Amino acid sequence: MTMHTITPAPQAPAVPSCGRLRPLGLGDVRITGGFWAARQEVNGRHTLDHIGSRLESEGWLPNFDLAVSGGLPAQRRGREFSDSEVYKYLEALAWEIGRTDDDALEERFREVVGRVAAAQEEDGYLNTMFGRPGQGPRWSDLEWGHELYCFGHLFQAAVARERTRPGAGEGLLGIARRAADLVCEVFGPEGRDAICGHAEIEAGLAELSRVTGDRRYLAQARLFVERHGKGTLRDIEWGRKYFQDDVPVREATVLRGHAVRANYLSAGAMDVAVETGDNELQKALRLQWERTIARRTYVTGGQGSHHQDEAFGEDWELPPDRAYSETCAGIGSIMFTWRLLLAGADPRHADLIERTFYNVVATSPAPDGRSFYYANTLHQRVPGAPADPDVTSPRASSSLRAPWFEVSCCPPNVARTLASLDAYVATADSDGIQLHQYAPSEIRTTLDDGRVVAFDVDTDYPADGRVTITHVSDADEPWTLSVRVPAWASGASLRIVSPDFVQQRTVEPGMIEIRHAFRAGDVVELDLPMAPRVSAPDSRIDAVRGCVAIERGPEVLALESVDLAPAGVGDVAAVALAPDAQPVERQGRVWVPVVPLPLDDAAWPYGSPSGDIDAEPIEVPLVPYHEWAQRGPSTMRVWIPSSS
């Protein structure tokens, strides 16, 4: 494993001290336009304001004020984990301030930190739900209380602030360290042998250790990881696998239980494995990822097929109409997968991250950034009802994007992810730069030996598959630029244009290395084939057998009833793809031929096959899945029955 000297640390959510790759953070990479810059703009201008307003109006931020004034527990509002949403909001603010230097956000950040600091107790304890007269004692409900979970998000917020504004002086890092010291005292080797019912503290402690250099925090993270699977939490109706407390992490073969908890734990465990050189644990986590992606992940990259427990199903249990696919689970999957990528440099990890970014993270927020999907179904059977913009929705009950939820973990999770997105674009190693995600961007960094690398990326991806990399500085020595060809992009082409030569060749999926002493003006062009394609499911996924999905580039496409209406068809259930249908691209959209199904609502729904469908096909356009329901209530499906 390669060791990296990283001084100063990249402005990135995860900064391992060793691994095959090191992240390039907000100071090295700046997204300048296109698909993701537009979403970052909305996030910074509208989503953060929306979240801050809701945290105030719902009482979740005023809970900290009540802790100071003595108004708890009588006046407390929100669920037991509502403190964590304030911390995720602070993390999002920290990344956005690092990205934009926004003075108004800086003022807001300091004001919120001041309110949080005032509520911290002398020994470092900080929680508005437990520990005061009339409240449950500290650590009295580790299954459901989320005290340690909340601390994990506090630590990640402090890390974001320290990496983007080292020594800023508002006190958040000190708040986090006092809380972490208390955790180490209470739950350390000589303390209470227990874990939190919702993993998150593990990743928070590991990253806090990296930013402070205090190995006690890493040791405590390792303790928590190793304690999972020993049955220390009470059993519940869904079993201890809900908490990942059924099997030790290093003995598990697949992610299971609550999908967000599982991914957060895996991310933290990967941090521990990397920092302690535990290759056995790393191997176990890689195998778990492999099986989870192969058998328990939706075509969108979403994870979690159970509504009742927000959990993974069994292998191949991926019903589209009951897909839970929580937005937070997708973000947790990115966190885990990114750590695997940094450690091992496998481009398949970047492939999944791309899929999840475009089809889960980008799907959740509305274009105005003020309403969100909590769950991400792949099949909407009935048109949804628009959410009241002034009403807080029960968790995941809204069939259209809703402004806020009683469990509103997803909006601030999306906000912190979009604000830190620049840090997922590229990495470096001792000899070069690896470009993993494609967006118009500027990359300015220094290799481990001091060589300066500077280039611009220009692309209209994913609308167009051409990615142009223009070098803006001269290199005295050769270095290696690696570009990712996604798994779906067979037949891509690569062109290198320099005053000395022009090269062009076909390249296949994987990481393509170009080693050259690049000069200012040298251009590397990657052309990815963007023709829409038909994807068939594994035959063991019973729920979608006989159906296909249409994809274009990294985007999964969907059929909406809005686009069937001009043909006199009111529901996506009333059509199937025409025999031997092939998607075509026209007028900026992907079109497919469909045929009406011979439906008889009064008939017994079981019997002999109906035979060939001989109706005339009609062409209908599809919509990128992340845009569905933006034109009003509709029925929708990703997996379309085939009439072949």
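In this text the structure is predicted, and so the values were computed from the model without any measurement. In what follows, every heavy atom counts, from backbone to side chain, and hydrogens, waters and symmetry copies are set aside.
- R296 places a side-chain N or O within 3.5 Å of a backbone atom of L255 that can act as its donor or acceptor partner.
- A distance of 6.5 Å separates NE2 in H471 from CG in D522, rounded to the nearest 0.5 Å.
- P10 and R163 make their closest contact through O-CD, 3.3 Å (heavy atoms, listed as atom of the first residue, atom of the second, distance).
- Distance alone, capped at 3.5 Å, is enough to place a donor-acceptor pair between the T32 side chain and the P440 backbone.
- If you check the side chains of T427 and Q434, you find a donor sitting under 3.5 Å from an acceptor.
- Atom CG in L341 sits 5.5 Å away from atom CG in L21 (nearest 0.5 Å).
- Residues N376 and S364 have side chains that never bring a donor and an acceptor to within less than 3.5 angstrom of each other.
- Distance alone, capped at 3.5 Å, places no donor-acceptor pair between the E202 side chain and the A267 backbone.
- You'll find the ring centres of Y358 and F35 inside the 6.0 Å limit.
- For S561 against V572, the heavy-atom pair with the smallest separation is N-CG1, 3.6 Å.
- The one candidate from E106, E96, E91 that meets the salt bridge (Lys or Arg N to Asp or Glu O under 4.0 Å) condition with R161 is E106.
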Query raised in the report: Going through the checks in order, is the side-chain contact (heavy atoms from CB on, under 4.5 Å) test met by R339 and D271?
Result: CA-CA 7 Å; R339 286 158 169 80; D271 286 333; 2.9 Å; yes
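- Between the side chain of R466 and the main chain of T459, no donor-acceptor pair closer than 3.5 Å is present.
- Residues satisfying the ring-ring contact (aromatic ring centres under 6.0 Å, His included) criterion with F357, sequence neighbours excluded, are W36, Y424.
- D346 and R286 are not joined by a salt bridge, as no carboxylate oxygen comes within less than 4.0 angstrom of a charged side-chain nitrogen.
- Distance check: S305 OG to L318 CG gives 6.0 Å after rounding to the nearest 0.5 Å.
- Taking every heavy atom of both residues into account, V457 and A439 meet most closely at CG1-O, 3.5 Å.
- Considering Q11, R30, Q437, Q40 as possible partners of D422, the one that fulfils the side-chain hydrogen bond (donor to acceptor under 3.5 Å, both in side chains) test is Q40.
- Formation of a donor-acceptor pair under 3.5 Å by the R552 side chain with backbone atoms of P462 is found in this model.
- Counted within 6.0 Å of CZ on R45, heavy atoms from surrounding residues, nucleotides or ligands total 12 or fewer; the atom is thus considered open.
- Side chains of S634 and W628: no donor on one and acceptor on the other come within 3.5 Å.
- In the model, D456 has no side-chain atom that pairs as donor or acceptor with a side-chain atom of T470 under 3.5 Å.
- I51 is not listed as a side-chain neighbour of K88, based on a closest heavy-atom distance of 4.5 Å or more.
- Under the 4.5 Å side-chain criterion, counting only non-hydrogen atoms from C-beta, R370 is in contact with D49.
- A salt bridge (Lys or Arg N to Asp or Glu O under 4.0 Å) with E560 holds for exactly one of R637, R631, R589; it is R631.
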Query - T392/R54 under side-chain contact (heavy atoms from CB on, under 4.5 Å): CA gap, chis, key distance, verdict - result: CA-CA 9 Å; T392 295; R54 285 293 182 146; 3.7 Å; yes
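- No donor-acceptor pair under 3.5 Å is formed between the side chain of S333 and the backbone N or O of A329.
- At a threshold of 4.0 Å, the pair E162-R210 does not count as salt-bridged, since none of the basic side-chain nitrogens sits closer than that to a carboxylate oxygen.
- Two residues are said to be in side-chain contact when any heavy atoms from C-beta on lie closer than 4.5 Å; L265 and R261 fail this criterion.
- The shortest heavy-atom contact between A176 and L208 is O-CD2, 4.2 Å.
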Requested in this report: Would you please test H46 and E41 for side-chain contact (heavy atoms from CB on, under 4.5 Å) and show each step?
Outcome: CA-CA 8 Å; H46 303 298; E41 178 77 6; over 6 Å; no
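- Residues S325 and T300 come closest through the heavy atom pair OG-OG1, 4.5 Å.
- When atom types are taken as modelled, the side chain of H50 and the backbone of P403 share a donor-acceptor pair closer than 3.5 angstrom.
- In this structure, CZ in R99 is found 12.5 Å from OG1 in T164, a value given to the nearest 0.5 Å.
- A donor-acceptor pair is defined here as one N or O able to donate and one able to accept, closer than 3.5 Å; such a pair exists between the side chain of D102 and the backbone of L105.
- Using a 4.0 Å cut-off between charged side-chain N and carboxylate O, R355 and E551 make a salt bridge.
- For E111, the CD atom sits in a packed shell: over 12 heavy atoms of surrounding residues, nucleotides or ligands are nearer than 6.0 Å.
- A side-chain N or O of T445 and one of D28 form a donor-acceptor pair less than 3.5 Å apart.
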**Report entry** Candidate pair D458 and T468, rule side chain to side chain donor-acceptor pair (under 3.5 Å), full reasoning
**Finding:** CA-CA 5 Å; D458 183 39; T468 302; 5.3 Å; no
Query raised in the report: Taking it one step at a time, do Q156 and E200 satisfy side-chain contact (heavy atoms from CB on, under 4.5 Å)?
Result: CA-CA 10 Å; Q156 288 178 324; E200 164 64 9; 2.4 Å; yes
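- Annotation: side chain of E58 is not in contact with side chain of E85 (no heavy-atom distance under 4.5 Å).
- Of all the heavy atoms in R20 and A343, the pair that sits closest is CG-O, 3.1 Å.
- Counting heavy atoms from C-beta outward, Y373 and C410 have side chains that stay 4.5 Å or more apart.
- From H258, atom NE2 reaches atom CZ of F312 across 10.5 Å, with rounding to the nearest 0.5 Å.
- Between I433 and W479 there is a side-chain heavy-atom pair separated by less than 4.5 Å.
- Using a 4.5 Å cut-off on side-chain heavy atoms (C-beta onward), L559 and V620 make contact.
- In this structure, the ring-ring contact (aromatic ring centres under 6.0 Å, His included) partners of Y149, at least two apart in sequence or on a different chain, are H146, H153, H198.
- Taking 4.5 Å as the limit, every side-chain heavy atom of F372 sits out of range of all side-chain heavy atoms of S408.
- In this structure a side-chain-to-backbone donor-acceptor pair under 3.5 Å is present from D474 to A520.
- In this structure, the separation between CD on E627 and OG1 on T363 is 9.5 Å, given to the nearest 0.5 Å.
- The backbone N or O of I334 lies less than 3.5 Å from no partner atom in the side chain of T337, so there is not a single donor-acceptor pair.
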